[in-house]
Amino acid sequence: MSDLRSKFLEVYSVLKSELLNDPAFEFTDVSRQWVDRMLDYNVPGGKLNRGLSVIDSLKLLKDGRELTDDEIFHASAVGWCIEWLQAYFLVLDDIMDGSHTRRGQPCWFRLPKIGMIAVNDGILLRNHIPRILKKHFRGKPYYVDLLDLFNEVEFQTAHGQLIDLITTHEGEKDLSKYSLALHRRIVQYKTAYYSFYLPVACALLMAGEDLESHVGVKNILIEMGTYFQVQDDYLDCFGDPKVIGKVGTDIQDFKCSWVVVKALELSNEEQKKLLHENYGKDDQICIEKVKELYKVLDIQGVFLEYESSSYQKLTKSIESHSSKAVQAVLKSFLAKIYKRQK
């Protein structure tokens, strides 16, 4: 795996160099250095799961045979396009949320002399994707489908972000509008499409498959993405900060988290009142009151039950798929996230 990761990172250097020398724009030394630094700061810093899973998935779709160097390069280039898309979302997301840190370092816009130039940097990151795809995939039979896929997933993610922003940030903090249905909608569009469906859909296209005939695969991956986000919501509240790498803030940030939605569902009138009075306040006493209620309602037990039934349901859906190669792809995704601690 570390060998694959180092090969993957080599492709990043190639793509970055091509973008910094793109003949469509006359770079000055200063602008080239800016983009160089901006890319290194924002694109390769995460776990790279989304990008690497394009390569993993393609290999499994080819029945586990070793990929040629050319196939690895192209799968890596598409994988990096997903990482670029993620970077674009996160740079702008952090500005909208007024965040301070991302991946253990200050958000890009918080750095000296960056500020709101980061908005344009987000636009640049978005525009790099079609440049990469044009350079390396223009002659491929699936080129148009690939462009179409990235455009559609971006459209879905931006609208997921919209629902999240208008329910979490707008006007009066009203917990009564939070429900499992709303949580599911936000998660499905904001996270599941680009984090779970997109890498596999890219691999399917590269393997010569038609996405129209894989709607079942899409549905399973969206379910998996929902399960993944529920885990995230759970870990934000109950995870060990030393393990997950950050201190959870969903309670004070008034997030439409699975944890609070479940708590509302299980609460009596008095407990609901306590939630309404304390959720979304950046005050340690209020946060502790909410966490205490979560203990009383045994949210941890409810989550473990949810985790186990989700796993069983997903496994059953996967095993009913006609293709063993597609089953292998889906099972590898599920194995990566089941019972994760971070």
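The figures here come from the full heavy-atom set of this structure, side chains too, leaving out hydrogens, waters and symmetry mates.
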Report task. Spell out, as yes or no, whether a donor-acceptor pair under 3.5 Å connects the side chain of Thr226 to the backbone of Ile222. Result -> yes
Query - Cys81 to Phe150 - nearest heavy-atom pair and separation - result: CB-CZ, 3.5 Å
Query raised in the report: In terms of ring plane angle, is the pair Trp108 and Trp34 parallel, tilted or perpendicular, where the classes change at 30° and 60°?
Result: perpendicular
Report task. Flag yes if more than 12 heavy atoms outside Arg185 fall under 6.0 Å of its CZ atom; otherwise flag no. Result -> no
Query raised in the report: Any side-chain heavy atom of Phe109 within less than 4.5 Å of one from Ile117?
Result: no
Report task. Report the C-alpha separation of His128 and Tyr88 in whole Å, then their side-chain angles, then the decisive distance to 0.1 Å, and conclude whether the ring pair (Phe, Tyr, Trp, His ring centres under 6.0 Å) test is met. Result -> CA-CA 10 Å; His128 286 160; Tyr88 149 62; over 10 Å; no
Requested in this report: Over 60° means perpendicular and under 30° means parallel, so classify the ring planes of Phe155 and His159, tilted if in between.
Outcome: tilted
Query - Under 3.5 Å: donor-acceptor pair, side chain of Arg37, backbone of Arg32 - result: no
**Report entry** Member of Gln271, Glu270, Glu277 meeting the side-chain hydrogen bond (donor to acceptor under 3.5 Å, both in side chains) criterion with Lys273
**Finding:** Glu277
Query raised in the report: Roughly how far apart are Met224 CE and Phe333 CZ, rounded to 0.5 Å?
Result: 7.5 Å
Query raised in the report: With no hydrogens and no angle check, is any side-chain donor or acceptor of Tyr178 less than 3.5 Å from a backbone partner on Leu264?
Result: no
Query - Gap between atom OH of Tyr194 and atom CG of Leu85 - 0.5 Å precision - result: 7.5 Å
Query raised in the report: With no hydrogens and no angle check, is any side-chain donor or acceptor of Thr167 less than 3.5 Å from a backbone partner on Asp164?
Result: yes
Query raised in the report: Do the side chain of Gln300 and the main chain of Phe238 share a donor and acceptor less than 3.5 angstrom apart?
Result: no
**Report entry** Pairwise distance CG(Leu205) to OH(Tyr143) - rounded to 0.5 angstrom
**Finding:** 13.5 Å
Query raised in the report: With a 4.5 Å heavy-atom cut-off, do Leu198 and Tyr193 have their side chains touching?
Result: no
**Report entry** Sidechain N-carboxylate O distance under 4.0 Å for Lys59, Glu71
**Finding:** no
Query raised in the report: When rounded to the nearest 0.5 angstrom, what is the spacing between CG in Leu60 and CD1 in Ile55?
Result: 12.0 Å
Query - Closest approach of Pro199 to Ile82 (non-hydrogen atoms, all atoms of both residues) - result: CA-CD1, 3.6 Å
Query raised in the report: How far does CZ of Arg138 sit from CG of Leu147, to the nearest 0.5 angstrom?
Result: 10.0 Å
Query raised in the report: Tyr294 ring centre to Lys291 NZ or CZ under 6.0 Å, with the angle to the axis within 45°?
Result: no
Query raised in the report: Looking only at heavy atoms, what is the nearest atom pair of Leu211 and Leu149, with distance?
Result: CD1-CD1, 4.0 Å
Requested in this report: Please work out which of the three classes, parallel, tilted or perpendicular, describes the rings of Tyr311 and Tyr338, given edges at 30° and 60°.
Outcome: parallel
Requested in this report: Say whether Leu9 and Leu52 are linked into one hydrophobic cluster, either directly or through other cluster members, by side-chain heavy-atom distances under 4.5 angstrom.
Outcome: yes
Query raised in the report: Under 3.5 Å, side chain of Asp97 to main-chain N/O of Ser99, donor-acceptor pair present?
Result: no
Query raised in the report: Is Glu265 atom CD crowded by more than 12 heavy atoms from other residues, nucleotides or ligands, each under 6.0 Å away?
Result: yes
Query raised in the report: Under 4.0 Å between a Lys/Arg side-chain N and an Asp/Glu carboxylate O for Glu223 and Arg184?
Result: yes
**Report entry** Any Asp253 side-chain heavy atom under 4.5 Å of Tyr279 side chain
**Finding:** no
Requested in this report: Work out which heavy atom in His276 is nearest to a heavy atom in Leu175; give both atom names and the distance.
Outcome: CE1-CB, 3.5 Å
Requested in this report: Report the residues that fulfil salt bridge (charged side-chain N to carboxylate O under 4.0 Å, His left out) with Asp233, sequence neighbours left out, ordered by chain and then residue number.
Outcome: none
Query - Among Val259, Val260, Asp250, Leu275, side-chain contact (heavy atoms from CB on, under 4.5 Å) partner for Val290 - result: Leu275
Query - Electrostatic pair Lys339:Glu307 at N-O distance under 4.0 angstrom - result: yes
**Report entry** Shared hydrophobic cluster, Leu304 / Leu235 (ILVMFWY, side-chain heavy atoms < 4.5 Å)
**Finding:** yes
Query - Pairwise side-chain contact, Glu154 with Phe89, heavy-atom cut-off 4.5 Å (strictly under) - result: yes
Report task. Verify side-chain hydrogen bond (donor to acceptor under 3.5 Å, both in side chains) between Asn49 and Ser53, making sure each step is shown before the conclusion. Result -> CA-CA 6 Å; Asn49 285 342; Ser53 58; over 6 Å; no
Query raised in the report: Taking a hydrophobic cluster as the set of Ile, Leu, Val, Met, Phe, Trp and Tyr residues connected by side-chain heavy atoms closer than 4.5 Å, whether directly or through intermediates, do Val35 and Leu90 fall within one such cluster?
Result: no
**Report entry** Lys62 atom NZ: more than 12 heavy-atom contacts under 6.0 Å
**Finding:** yes
Query raised in the report: Would His136 and Glu18 satisfy side-chain hydrogen bond (donor to acceptor under 3.5 Å, both in side chains), going step by step from the backbone distance to the final call?
Result: CA-CA 11 Å; His136 295 285; Glu18 289 170 352; 2.7 Å; yes
Requested in this report: Report the C-alpha separation of Tyr12 and Asp40 in whole Å, then their side-chain angles, then the decisive distance to 0.1 Å, and conclude whether the side-chain hydrogen bond (donor to acceptor under 3.5 Å, both in side chains) test is met.
Outcome: CA-CA 10 Å; Tyr12 167 74; Asp40 284 350; 2.7 Å; yes
Query raised in the report: Is there a path from Leu162 to Ile123 through hydrophobic residues (I, L, V, M, F, W, Y) whose side chains come within less than 4.5 Å of each other?
Result: no
Report task. Would you mind reporting whether Leu297 and Val302 have side-chain heavy atoms less than 4.5 Å apart? Result -> no
Query - Leu111 versus Pro106, closest heavy-atom pair with distance - result: CD2-CB, 4.0 Å
Report task. Would you check if Leu182 and Ile163 make a side-chain contact, meaning some heavy-atom pair closer than 4.5 Å? Result -> yes
**Report entry** Side-chain heavy atoms of Ile251 within contact of Asn278, under 4.5 Å
**Finding:** no
Query raised in the report: How long is the span from the CD atom in Gln86 to the OG1 atom in Thr157, to the nearest 0.5 Å?
Result: 10.0 Å
Query raised in the report: So among Lys324, Lys313, Lys331, which one has a salt bridge (charged side-chain N to carboxylate O under 4.0 Å, His left out) with Glu319?
Result: Lys331
Requested in this report: Might you work through the side-chain hydrogen bond (donor to acceptor under 3.5 Å, both in side chains) test for Thr68 and Asp70, ending with a clear yes or no?
Outcome: CA-CA 5 Å; Thr68 65; Asp70 185 62; 5.1 Å; no
Query raised in the report: Quick check: does any side chain N or O of Asn42 sit under 3.5 Å from a backbone N or O of Met38, one acting as donor and the other as acceptor?
Result: yes
Query raised in the report: In terms of hydrophobic clusters joined by side-chain contacts under 4.5 Å, are Val14 and Leu20 together?
Result: yes
Query raised in the report: Is the backbone of Ser317 close enough, under 3.5 Å, to the side chain of Ser320 for a donor and an acceptor to pair up by distance?
Result: yes
Query raised in the report: Do side-chain atoms of Thr249 reach the backbone of Gln252 as a donor and acceptor pair under 3.5 angstrom?
Result: no
Query raised in the report: With a cut-off of 6.0 Å (strictly less than), are more than 12 heavy atoms of other residues, nucleotides or ligands near CD of Gln105?
Result: yes
Report task. May I ask you to decide if Lys190's main-chain N or O and Gln161's side chain share a donor-acceptor pair within less than 3.5 Å? Result -> no
Query - Tyr227 to Ser310 - nearest heavy-atom pair and separation - result: CD1-CB, 4.0 Å
Report task. Check whether any side-chain heavy atom of Trp258 sits under 4.5 Å from a side-chain heavy atom of Gln231, and report yes or no. Result -> no
